Amino acid sequence: MNIFMRFPEGKTKAVTLNYDDGVVQDKRLIEILKPYGIKATFNINSGLFGKPGRLTEDEAKELYTGSGHEVSAHTLTHSFLDKMPLSMATEEVLADRRNLERIFGGVVRGMAYPYGVQNDTIVEQLKSIGTAYSRVADSTNDFRIPTDWLRLTATCHHNHPALMELVDKFLKADPNAEKYGRSPLLFHLWGHSYEFDRNDNWHVIEEFAKKIAFKDEVWYATTIQIYDYVKAYNNLIFNVECSCVFNPSGQTVWFEKDGVQHSVGANETIRI
């Protein structure tokens, strides 16, 4: 008997984007993504609002609110967290979250490390203050679901020379293949939208969106949505014979058992 996670509606693949700093070029990026239904997470330094090249607080509120994208932390002032006392590093994160929660409402649970820098002490501290995930600057060129969410890696940066080849590989990949452990696949793209201006290559993200969008097997989600879904799946409770399952989470979860698709609703118990 085998049981494998599937994404919402039984989809076998997911796509998410991560863009850092809260810069003015995010306006153009969001406009490009909008017709394709692709979701992004924007990691913002709230202490740098209004600085050259950065959105003002009012601009950020207008741009991101109600956009369907996620706002997450990136520290207050884009600091090297490993070069300051732990108490200061913690305040850099908490002050940023506090500001973002005040501006956008809700709970800010995600983050990206400035410069990708972290260490074991910082990771443990983020865990203690309720950070769900935090992205590093490493790329895997792979599509496996992450296991260490506080050292979250991405598939690649948008300047990867073989980006479109990786997209083709992702779309053609069989999630039922042994190499992927028969698990669903994730394409996680990251970068800074100001790089498109600097490199004069906005066509890259436009081509990426056009190539990867509107695929029936793909779930287009923010990073926190993917984190929450994977956590909900991992929290499913099966009886000893795996003939019955209870879902203690607040969302419906899909999985495959011996080739048959099942979904179990929030706080629901079903026989399988």
Side-chain angles (χ1 to χ4, degrees), residues 16-34 38-118 122 125-126 129-137 150 152 154 157-159 188-202 205 221-225 227:
T16 194
L17 277 60
N18 248 234
Y19 277 82
D20 295 351
D21 297 352
V23 294
V24 296
Q25 290 86 354
D26 284 355
K27 296 179 182 179
R28 183 171 177 180
L29 176 59
I30 285 176
E31 284 303 307
I32 289 172
L33 298 180
K34 187 182 298 183
I38 295 173
K39 301 301 181 185
T41 293
F42 292 94
N43 309 294
I44 299 173
N45 311 110
S46 61
L48 300 180
F49 280 139
K51 300 294 184 182
R54 306 275 182 145
L55 296 164
T56 66
E57 180 176 320
D58 287 343
E59 287 174 327
K61 186 173 183 178
E62 180 179 359
L63 179 63
Y64 303 120
T65 301
S67 65
H69 302 293
E70 177 191 2
V71 167
S72 72
H74 199 34
T75 76
L76 188 67
T77 60
H78 207 282
S79 301
F80 285 94
L81 294 179
D82 64 333
K83 299 297 191 293
M84 58 179 62
L86 183 60
S87 59
M88 291 180 62
T90 304
E91 183 56 23
E92 272 281 319
V93 176
L94 288 176
D96 193 33
R97 282 175 47 185
R98 190 178 299 116
N99 288 340
L100 297 176
E101 289 171 352
R102 170 182 56 81
I103 296 166
F104 300 102
V107 181
V108 172
R109 300 163 57 217
M111 180 175 150
Y113 297 104
Y115 313 104
V117 172
Q118 45 76 33
I122 291 168
Q125 187 71 344
L126 289 184
I129 61 175
T131 306
Y133 71 83
S134 192
R135 201 202 76 240
V136 297
L150 287 172
L152 176 61
H157 187 280
H158 67 243
N159 280 337
H188 185 166
L189 188 73
W190 80 281
H192 308 82
S193 60
Y194 66 75
E195 294 170 311
F196 295 120
D197 269 357
R198 186 180 67 190
N199 299 323
D200 191 24
N201 66 348
W202 281 99
I205 194 64
T222 64
T223 309
I224 195 65
Q225 286 175 322
Y227 168 86

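The structure displayed is predicted, hence computed values, not measured ones.
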Evaluate the side-chain proximity of Y113 to T75: yes if any heavy-atom separation is below 4.5 Å, no if none is.
no
Salt bridge or not between R102 and E57? Use side-chain N to carboxylate O under 4.0 Å.
yes
Do the ring planes of F42 and Y19 sit parallel (below 30°), tilted (30 to 60°) or perpendicular (above 60°)?
tilted
Tell me, with the steps shown, if E31 and R28 meet side-chain contact (heavy atoms from CB on, under 4.5 Å).
CA-CA 5 Å; E31 284 303 307; R28 183 171 177 180; 5.6 Å; no
Working to the nearest 0.5 angstrom, can you tell me the gap between L63 CG and I44 CD1?
8.0 Å
So do Q25 and F196 actually touch side chain to side chain, heavy atoms under 4.5 Å?
no
Quick one: list whatever passes side chain to side chain contact (heavy atoms under 4.5 Å, CB included) with T90, sequence neighbours left out.
L86, L94, Q125, I129
Would you say the side-chain atoms of D96 and H74 include a donor-acceptor pair closer than 3.5 Å?
no
Donor-acceptor contact below 3.5 Å, side chain N43 vs main chain S72:
no
Under 3.5 Å: donor-acceptor pair, side chain of S193, backbone of L29:
no
Qualifying residues under salt bridge (Lys or Arg N to Asp or Glu O under 4.0 Å), relative to E62, sequence neighbours excluded:
none
Can you tell me how far the CG atom of L100 sits from the CE atom of M111, to the nearest 0.5 Å?
11.5 Å
Look at the side chain of E92 and the backbone N and O of L76, then say whether any donor-acceptor pair between them is shorter than 3.5 Å.
yes
Tell me, with the steps shown, if V93 and I122 meet side-chain contact (heavy atoms from CB on, under 4.5 Å).
CA-CA 11 Å; V93 176; I122 291 168; over 6 Å; no
Between the main-chain N or O of D21 and the side-chain N or O of R54, is there a donor-acceptor pair closer than 3.5 Å?
yes
From L150 CG over to L126 CG, what is the distance, rounded to the nearest 0.5 angstrom?
6.0 Å
Measuring from atom OG1 of T222 to atom OH of Y227, what distance do you get when rounded to the nearest 0.5 angstrom?
13.0 Å
I'd like to know if the side chain of H69 and the backbone of A40 have a donor-acceptor N/O pair within less than 3.5 Å.
yes
Any side-chain heavy atom of S79 within less than 4.5 Å of one from M84?
yes
Aromatic plane relationship, H157 with W190 - under 30° parallel, 30 to 60° tilted, over 60° perpendicular
perpendicular
Side-chain touch Y64/I30, heavy atoms, less than 4.5 angstrom:
yes
Could you tell me which non-hydrogen atom of Y133 sits nearest to which non-hydrogen atom of E70, and how far apart they are?
OH-OE2, 2.8 Å
Is any side-chain heavy atom of L152 less than 4.5 Å from a side-chain heavy atom of N18?
no
Strictly distance-based, threshold 3.5 Å: is any side-chain N or O of T16 a donor or acceptor partner for the main-chain N or O of H188?
no
Closest non-hydrogen atoms of A112 and D20, given as atom of the first, atom of the second and distance, are CB-OD1, 4.0 Å
Please determine which of N99, V71, V108, T77 meets the side-chain contact (heavy atoms from CB on, under 4.5 Å) test together with S46.
N99
Is K51 close to N45 at the side-chain level, that is, under 4.5 Å between some pair of heavy atoms?
no
List in chain and number order the residues that pass salt bridge (Lys or Arg N to Asp or Glu O under 4.0 Å) with R97, two or more places apart in sequence or in another chain; answer none if no residue qualifies.
none
Show your reasoning for whether side-chain contact (heavy atoms from CB on, under 4.5 Å) applies to V23 and H192.
CA-CA 8 Å; V23 294; H192 308 82; 5.8 Å; no
Measuring from E195:CD to H158:NE2, what's the distance to the nearest 0.5 Å?
4.5 Å
From OH (Y115) to NE2 (H78), nearest 0.5 Å
5.0 Å
